[in-house]
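Below is one structure, written out as structure tokens, with a few remarks after it.
Labels below follow one simple rule: chain letters A, B, ... track the order of the sequence lines, proteins then strands, and each chain is numbered from 1. These numbers come from a predicted model, not from an experiment.
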Amino acid sequence: MEKSYQPAAIEQRWYKTWEQAGYFEPSGNGQPYCIMIPPPNVTGTLHMGHAFQDTIMDTLTRYHRMKGANTLWQPGTDHAGIATQMVVERQLEAAGTNRHELGRDKFLDKVWEWKEQSGNTISKQLRRMGSSVAWSRERFTMDEGLSKAVAEVFVKLYDEGLIYRGKRLVNWDPVLHTAVSDLEVISEEESGHLWHFRYPLSSGDGYLVVATTRPETMLGDTAVAVHPDDERYSHLVGQTVDLPLCDRAIPIVADDYVDPEFGSGCVKITPAHDFNDYEIGQRHQLPLINILTVDAAINENAPAPYRGLDRYAARKQIIADFVRLELLETIEDHKLMVPRGDRSHVVVEPYLTDQWYVKVAPLAKPAIEAVEDGRIRFIPDNWSKTYFEWMHNIQDWCISRQLWWGHRIPAWYDEQGNIYVGRDEAEVRAKHAIDDSVTLRQDEDVLDTWFSSALWPFSTLGWPEQTDALKSFYPTSVLVTGFDIIFFWVARMIMMGMKFAGDVPFAEVYIHGLIRDQDGQKMSKSKGNVLDPLDLIDGVDLETLVAKRTTGLMQPQLKPKIEKATRKQFPDGIPEFGTDALRFTFAALASTGRDIRFDLGRIEGYRNFCNKIWNAARYVLMNTEGVAATHDAAAESLPDRWIRSRLSKTITEARDHIEHYRLDLAAKSLYEFTWNEYCDWYLELTKPVLQDEAVSEASKTATRRTLIEVLEALLRCLHPMIPFVTEEIWQRAAKVAGNTGSTIMLQPYPEPTDFAADGEAETQLEWIMGFVLGVRQIRGEMDISPGKPLNVLLQNVAADERARLDEHGLYLRKLARLVNISTLEDGDEPPTSATALLGGMKILVPMAGLIDVVAERDRLQKQLDRAAGDLHKIEAKLANENFVARAPEAVVTKERGRQSSLQQEIAQLEEQVAKLAELE
RNA sequence: GGGCGAUUAGCUCAGCGGGAGAGCGCUGCCUUCACACGGCAGAGGUCACUGGUUCAAUCCCAGUAUCGCCCACCA
């Protein structure tokens, strides 16, 4: 084996081997365990969030596979309507054309081409992460099967009256020229103004003042509203005002919606361009005047001077005209929420169009109940609150998009505009007896991407066919996803799954946090702070990293800043850490719910951990080659019994933590066992056994067996998190251990009962550790070279401790580097020494004339102070009658025990301090 | 406006009703026959603040402050 762990040398080789052997595919045996991957954008690339999420899913999948489950982790990608179409449109733009010139069919060919070309990038990257997904079952949301499911669901919902077409206000993206759903609109506070306009009363008796943040919409005003109880205006209700700039009189209406305290208490009503005004318009039968084109310019319904002006140019002009007419009362600075499209980032307009909607309330009801009664559990549970909050206030879902890339809506129109919905045109004609003489035109629009995503858990298993896969794996076991798509995706999957697949789509929803940069910033291209998971795996030099971060920026002026920050943070680029180190880092950081700052220090630490395992394995393999297949358990040494017992506990912990989705705690347990117990103590404790000629062969064999058996089991424990290094080592270790399996992937996950718990061994070994630590501490603080052999004297040695000394002196001598351990009898006068305490026993390191009295006194005094402080607290507690009376018996007993041992410790320390004083 | 979360060592984070923890960083010593991606020893914290509950609070409750996120139609 190499002296240090080289991830690049093994990772890709093992992945290929596993995939070719078919280990990722469902075994067909055992309890089904299924995870559906949240399908990434087909043209996307792997980012830190994916890598994190994939690590979680793969760890769970590998764990359950090792436990014998029939596992299916199913991969796939999403067509991501708007996002993908935008990318291709940008390419066309660069080539000097656009989709309209190309036409729909040719454009779609281009998108498919782009999908083919870039679509497997993310699959390749998923492989680099070690993801054990069933590639044979990879799906794409626009596959034939999934498209069928989409049509099926659409038709069924339509037939039940749960999908309808309606003319309403929608969020209109004037750049993309499509409707978007409420969820796709991001409202952020921006600075703006509040313009106060005077609307003259038709009666000529003055004017009303209305305030608006959007002056241009006044061209579409069809009323002014006041509160019904507002005495200032009640006499005016029913009268009209003359709408300035327009040759129209509009009514003054009374409506509860108006807040009389705000502004003047008068509100201009533009039913065609504001969601609230639309409602008011409905209540008062006001006309709707649409004054905008699809580009959000002023249309022909507005007075001539404004036609054709962009909305913001029109705003300027209108304000100028109000000033000219002396109808502008005042302008205030004002903070307002500006709605922007989440893709285009342009301000969206409420816009009156025909769209398709899903009536969601009837679907939401059972979906709410499923979470309420625990058929679906959120982890952590508080996300269920977020879910309920949204589900209880859910609005109908606008599912049509004026795009070309996506599932085309399965609705046809005849020349009279009648609507026919069916799975395809032939079905529509048959169902409605429409012969070929009638021309049918299919709806031009496509469905919201999330419509097909909502069907993902069952459409990917073959629904509407009742396939074996569907029967085995639906409902799936757990959904692993981020909180940002609970509404977009999770809620809709639950609704659709319950409606069409007859059950909840998953039993648990594990919500993980967002990966942020080291400063807590969201990683984004425009901030220039993205880390590519592959750069962490393979390493990257500084120039490449800078180039990656600064090319293709939307705001090129940020380049110098990004470059500077990058050069400062990564002066030497990023070293190669390997997939396992990255995965272990994600696992260790995956505590519940909260966001994660990705810290390079952590990944470096876990890279070192992989190397530690590697070297521990080198040691073990070096010492166990050809070891007998069995051993006599009676010949096991104390350290053998101890490490087996510790491993048993560690296995319990690891399993328990993984089952509860606490990968961070599982990682921690395994890390600490491996490093602090197996490496730091056990491997060191085997050296005296294996090197000492006096130790029996049977005992050596038992130790060799323990070395290899613990290593082999530990590798299995760690495999779900760090699959590559564990497989590489396991292949060698398994042979020595006598395991003939072909891969660690399919070995059983260790059981706690595989190794004997042994409380007695743990107690005894703790005593040995205490002894060694005591001597080391003296060495460290008294500046005695670690290599210098020492003699120690023991005082106040109890009978059972004498027995331990006889039995385990070998370990003490080796680990503490002692030549001689001798026991002082009562009355023996000890030489000048540095002292360590172990329970009631004193360990004395004779210092002859070398002792630094001051240093030793300081050292003891420090211990004394600490002990005295602790004792003081405990005595205060015990002096409290209420504590003694009310605290549980066990707690009181424990405190009394601590009290007496501290008293003993203090007495001994004081004695030593007094002795030192004699030397001064 | 409503809801959720965070505040613990220099940094990144665990923990939790009865003795403050890890990794990284820092200090000192050590090229010891698995590992310098290492070993040994060590320094470092009024667990944001104020009250309350309790025999006992970093932990539970209430409030305050700061930071963050989500939802919401106030022109």
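- Checking B:G39, B:A75, B:A34 against the side-chain heavy atoms of A:N615 singles out B:A34 as nearest.
- Side-chain proximity of A:Y257 to B:C30, B:C74, B:G18: nearest is B:C74.
- Atom name C1', nucleotides B:A34 and B:G38: the rounded distance is 10 Å, in whole Å.
- Taking every side-chain heavy atom of A:C679 into account, B:A34 is the closest of B:A72, B:A34, B:G39.
- Applying the side-chain hydrogen bond (donor to acceptor under 3.5 Å, both in side chains) rule to A:Y619 yields the partners A:T686; only residues at least two apart in sequence or on another chain are considered.
- Within the 4.0 angstrom heavy-atom criterion, only backbone atoms of the sugar-phosphate kind lie near A:T212; the bases stay farther away.
- At least one side-chain nitrogen or oxygen of A:K3 sits closer than 4.0 Å to the OP1 or OP2 atom of B:C35.
- A:D259 comes within 4.0 angstrom of a base, heavy atoms only.
- Taking the nucleotide of RNA chain B with the nearest heavy atom to each of A:E604 and A:D519, the more 5' of the two is matched to A:D519.
- Residue order along RNA chain B, read from the 5' end via each residue's closest nucleotide, puts A:S901 first among A:S901 and A:A616.
- Distance from the side chain of A:R618 is smallest to B:C35 among B:A72, B:C35, B:G23.
- At the phosphate of B:A20, neither OP1 nor OP2 sits under 4.0 Å from any side-chain N or O atom of A:R866.
- At whole-Å resolution of the value, CZ in A:R597 and C1' in B:G23 are 16 Å apart.
- Rounding to whole angstrom units, CD1 of residue A:I186 and P of B:C69 are separated by 13 Å.
- Among the heavy atoms of the strands lying under 4.0 Å from A:M337 is at least one base atom, whether or not backbone atoms are also near.
- If you check every strand for non-hydrogen atoms under 4.0 Å, A:R662 touches sugar and phosphate atoms only.
- Between the side chains of A:Y351 and A:N171, no donor-acceptor pair of N or O atoms lies under 3.5 Å.
- Here the separation of B:A48 from B:U58, taken at their P atoms, is 10 Å to the nearest Å.
- Between the side chains of A:H284 and A:D255, a donor-acceptor pair is found at a separation under 3.5 Å.
- The base of B:A34 lies close enough to the side chain of A:E684 for a donor and an acceptor atom to sit less than 3.5 Å apart.
- Across all strands, A:L600 comes closer than 4.0 Å to no nucleic acid atom at all (heavy-atom distances).
- Taking the side chain of A:H334 as heavy atoms from C-beta on, and the options B:U12, B:A75, B:C4, the nearest nucleotide is B:A75.
- For B:G39, one of the phosphate oxygens OP1 or OP2 lies less than 4.0 angstrom from a side-chain nitrogen or oxygen of A:W675.
- If you take atom P in B:A62 and the same atom in B:U53, they sit 15 Å apart, rounded to whole Å.
- Checking B:A34, B:C69, B:U12 against every side-chain atom of A:R516, the shortest atom distance belongs to B:C69.
- Separating the CG atom of A:D595 from the C1' atom of B:A6 is a distance of 10 Å, rounded to the nearest angstrom.
- Using a 4.0 Å heavy-atom cutoff across all strands shown, A:F275 reaches no nucleic acid atom at all.
- Side-chain nitrogen and oxygen atoms of A:Q777 include at least one within less than 4.0 Å of the OP1 or OP2 phosphate oxygen of B:G42.
- A cation-pi arrangement is absent between A:R168 and A:W397, since the terminal nitrogen or guanidinium carbon is not both under 6.0 Å from the aromatic centre and inside a 45° cone about the axis.
- Considering all non-hydrogen atoms of both residues, A:Y257 and A:N276 come closest at OH-ND2, 3.3 Å.
- The closest side-chain donor-acceptor pair between A:E184 and A:S181 falls under 3.5 angstrom.
- As judged by a 4.0 angstrom heavy-atom cut-off over every strand, A:F487 is placed among residues touching the sugar-phosphate backbone only.
- In the set B:A75, B:C37, B:G18, the nucleotide with an atom closest to the side chain of A:R607 is B:C37.
- Between the side chains of A:E576 and A:Q6, no donor-acceptor pair is found at a separation under 3.5 Å.
- For A:K612 against B:C35, a side-chain N or O and a base N or O form a donor-acceptor pair under 3.5 Å.
- Residue A:D274 is out of contact with every strand shown, counting any heavy-atom pair closer than 4.0 Å.
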Output field dot_bracket for RNA chain B (Watson-Crick or G-U, both distances under 3.5 Å, | for other-strand pairs) contains (((((((..((((....[..)))).(((((.......))))).....(((((..]....))))))))))))....
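- Comparing the same atom, P, in B:G10 and in B:U27 gives a spacing of 16 Å after rounding to whole Å.
- Comparing B:G18, B:C37, B:A41 by their nearest atom to the side chain of A:N608 picks out B:C37.
- Contact annotation for A:Q691: no contact, since no heavy-atom pair falls under 4.0 Å across all strands.
- Comparing B:A56 with B:G23, their P atoms are spaced 35 Å from each other, to the whole Å.
- When each of B:C70, B:G42, B:A75 is scored by its nearest atom to the side-chain atoms of A:K862, the top-ranked nucleotide is B:G42.
- Comparing B:A75, B:C35, B:G23 by their nearest atom to the side chain of A:V258 picks out B:A75.
- A gap of 31 Å separates the C1' atoms of B:C24 and B:C4, to the nearest Å.
- For A:K385, a side-chain nitrogen or oxygen approaches OP1 or OP2 of B:C4 to under 4.0 Å.
- A gap of 32 Å separates the P atoms of B:C67 and B:G21, to the nearest Å.
- Atom CG of A:D255 is separated from atom P of B:C74 by 16 Å (rounded to the nearest Å).
- In this entry the distance linking CD of A:E2 with P of B:C37 reads 15 Å, nearest Å.
- Checked against the 6.0 Å centroid threshold, A:F771 and A:Y811 do not count as a close aromatic pair.
- Each of A:N611, A:N615, A:D580 was checked for a side-chain hydrogen bond (donor to acceptor under 3.5 Å, both in side chains) with A:Y5, and the lone residue meeting it is A:D580.
- Atom P of nucleotide B:A34 and atom CG of A:L621 are separated by 13 Å, given to the nearest angstrom.
- Side-chain atoms of A:N393 and A:E389 form no donor-acceptor pair, as typed in the model, at a separation below 3.5 Å.
- Checked by atom type, the side-chain pair A:H193/A:E332 shows no donor-acceptor distance below 3.5 Å.
- In this structure, A:L194 reaches neither bases nor backbone, as no heavy-atom distance under 4.0 Å exists between it and the strands shown.
- A donor-acceptor contact closer than 3.5 angstrom links the side chains of A:K335 and A:S191.
- Rounded to whole Å, the distance from OH on A:Y671 to C1' on B:G21 is 14 Å.
- If you take atom P in B:C29 and the same atom in B:U7, they sit 38 Å apart, rounded to whole Å.
- Between the side chain of A:R602 and the base of B:G23, no donor-acceptor pair under 3.5 Å is found.
- Nucleotide B:C74 holds its C1' atom 14 Å from the CG atom of A:D256, rounded to whole Å.
- Between B:G19 and A:R898, a contact under 4.0 Å exists linking OP1 or OP2 to a side-chain N or O.
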